[in-house]
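Here's the structure, in structure tokens; my notes come after.
Throughout, a chain's letter reflects where its sequence line sits, starting with A, and its residues are numbered from 1.
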Protein chains: 2
Amino acid sequence: MGAGPAGSMASKDSGPEGRELFGIADLAEEFGITTRTIRFYENKNLIHPARVNGSRVYTRRDRARLALILRAKTIGSSLVQISHFLDLYGEQGEGRAEQMDYVVRETTKAIAELEMKQELIRDTLKELREIRQGCMERLPGYTPADNSHKV
Amino acid sequence: MGAGPAGSMASKDSGPEGRELFGIADLAEEFGITTRTIRFYENKNLIHPARVNGSRVYTRRDRARLALILRAKTIGSSLVQISHFLDLYGEQGEGRAEQMDYVVRETTKAIAELEMKQELIRDTLKELREIRQGCMERLPGYTPADNSHKV
DNA sequence: GAATCAATTGACCTATACGTCAAACAGTGA
DNA sequence: TCACTGTTTGACGTATAGGTCAATTGATTC
């Protein structure tokens, strides 16, 4: 089965931010990934775009969801983990206390894991800064507390 | 080619911390990974244990290196990235200014990337806490600012 | 209405990071 | 000495995360 275009002629606006609906190529370009990757995520049930004439159409919510996925990936989560993540983000609306309790427990776990990662990163950063500092001191033309070209 | 044991009878001490040398199984157990994983890392040139009668023998430095690898993995680095990481950790000793300069540049890049990840995690944590908070408020028996069973 | 162009599904391929045997071999204890 | 345990290399299998190609289809343009 094929589908139609959703090319440069956007559904409503043409600005990159004022848009409401997006084609798969738009999102791919915006996030610097391939359409294959986006379709792969859909296959893994991470995003559920609408279909128009067989073509995928993404809302802002879909786009935000994709952004969440990519952010989580950068942090080091697997797609399976991300899938559970996304459930938490979606589930807040309503639901019985049972569901709420579940979300509370899961978010608590996720928070704990991220806090641990945060600590590991902090430690690593400290070490890297020490290494860099040690190197700089051995570099010719070094003067202690050289903040002349500080960032 | 085969090899000999390095079993429960440790090279020197038997305590888990006072040790100086370790067998592959010791490290595997200590870090909760398999020996296969450790051998895989060696195959990728991430660790270079000594050999005694064909069997791998790990020093404290090797053990620290393995710890670095696993920490970096948790943070979300690939083994290739970790390989470069480890080069930086090893290279600080001496070397010409050229090498020092290289290390300074690479550590700077690594630091920037980690700082970015740190921010992403901060953002995610903030959102997760909000979600959890929102759920808790909808939970029965909730009283605002309920710190009665705080961690 | 034929060409073109973007998008679709399906199939197969790739790289990473290991898991899982299998066969061989080295020490140790009985 | 023989069995047993732990280790070695090698080979193959698996899960994840996509890349790449092919054939098709649908909307737009000429």
Side-chain angles (χ1 to χ4, degrees), chain A residues 1-11 14 21-58 62 66 69-86, chain B residues 1-11 14 21-58 62 66 69-86:
Chain A
M1 314 118 195
S8 53
M9 167 276 219
S11 307
S14 58
L21 298 174
F22 311 85
I24 190 170
D26 298 329
L27 294 186
E29 193 188 2
E30 179 176 352
F31 291 110
I33 59 181
T34 68
T35 61
R36 169 67 170 115
T37 298
I38 297 178
R39 268 182 282 124
F40 184 73
Y41 293 164
E42 183 177 348
N43 216 257
K44 294 286 174 183
N45 272 312
L46 299 182
I47 21 182
H48 319 288
R51 295 296 185 118
V52 176
N53 292 324
S55 279
R56 293 166 174 85
V57 175
Y58 300 84
D62 295 322
L66 181 57
I69 294 169
L70 297 176
R71 188 181 67 182
K73 274 215 58 189
T74 303
I75 288 173
S77 305
S78 74
L79 295 187
V80 172
Q81 291 171 247
I82 291 173
S83 176
H84 298 114
F85 244 60
L86 289 173
Chain B
M1 310 123 193
S8 52
M9 166 275 216
S11 307
S14 59
L21 299 174
F22 312 84
I24 191 168
D26 300 327
L27 294 186
E29 193 188 2
E30 178 175 352
F31 290 111
I33 59 181
T34 68
T35 61
R36 170 67 172 114
T37 297
I38 297 178
R39 268 182 283 122
F40 184 73
Y41 293 164
E42 182 178 349
N43 216 258
K44 294 286 173 182
N45 272 311
L46 300 182
I47 22 182
H48 318 287
R51 296 293 186 120
V52 176
N53 293 324
S55 279
R56 294 167 174 84
V57 175
Y58 299 84
D62 295 323
L66 181 56
I69 294 169
L70 297 175
R71 188 180 67 181
K73 273 214 60 185
T74 303
I75 289 174
S77 304
S78 73
L79 295 187
V80 172
Q81 291 172 246
I82 291 173
S83 175
H84 297 114
F85 243 60
L86 289 172

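- Close to D:dA27, at under 4.0 Å from its OP1 or OP2, lies no side-chain N or O of A:S55.
- Contact annotation: B:T37 does not reach the phosphate of C:dA17 (side-chain N/O to OP1 or OP2, under 4.0 Å).
- A:I38 is not listed as a side-chain neighbour of A:F31, based on a closest heavy-atom distance of 4.5 Å or more.
- Interatomic distance, CG of A:L21 versus CG of A:D26, reported as 10.0 Å (0.5 Å rounding).
- Within the structure, a side-chain polar atom (N or O) of B:Y41 is placed less than 4.0 Å from OP1 or OP2 of C:dC18.
- Atom-to-atom, CG of B:L66 to P of C:dC18 comes out at 11 Å; the value is rounded to the nearest Å.
- Distance CD (B:E42) to P (C:dA17): 17 Å, rounded to an integer number of Å.
- Remark: P of D:dA11 and CG of B:N43 are 12 Å apart, rounded to the nearest angstrom.
- Taking 4.0 angstrom as the limit, A:R51 places none of its side-chain polar atoms (N or O) nearer than this to OP1 or OP2 of D:dG26.
- When all heavy atoms are compared, the tightest approach of A:P49 to A:Y58 is CB-CE2, 3.4 Å.
- Residues from residues 72-85 of chain B with heavy atoms under 4.0 angstrom of DNA chain D: there are none.
- Using a 4.5 Å heavy-atom cutoff, the side chains of A:F40 and A:T34 are not in contact.
- One can place CZ of B:R39 at 11 Å from C1' of C:dC18, the figure rounded to the nearest angstrom.
- Judged by atom type and distance alone, B:R36 reaches the base of C:dT20 through a side-chain donor-acceptor pair under 3.5 Å.
- By the 6.0 Å contact criterion, NE2 on A:H48 is enclosed, its count of non-hydrogen atoms from other residues, nucleotides or ligands being greater than 12.
- When distances run from any side-chain atom of B:N53 to the nucleotides D:dG26, D:dG18, C:dG27, the shortest one goes to C:dG27.
- Comparing C:dA17, C:dA7, D:dA17 against the side chain of B:F40 picks out C:dA17 as the nearest.
- Here the CD atom belonging to A:E42 is positioned 7.5 Å from the CD1 atom belonging to A:I24, to the nearest 0.5 angstrom.
- Distance NZ (A:K44) to P (D:dG18): 10 Å, rounded to an integer number of Å.
- The CD1-C1' distance, from B:I38 to C:dT20, rounds to 17 Å in whole Å.
- Proximity of A:R56 to the phosphate of C:dT8: a side-chain N or O atom is located under 4.0 Å from OP1 or OP2.
- Between the CG atom of B:L21 and the P atom of D:dT7 there is a distance of 15 Å, rounded to whole Å.
- The distance from the CD1 atom of B:I33 to the NZ atom of B:K73 is 9.0 Å, given to the nearest 0.5 Å.
- Of the side-chain N and O atoms in A:T34, one or more sit less than 4.0 angstrom from OP1 or OP2 of D:dG19.
- Between B:L27 atom CG and D:dG6 atom C1' there is a gap of 15 Å when expressed in whole angstrom units.
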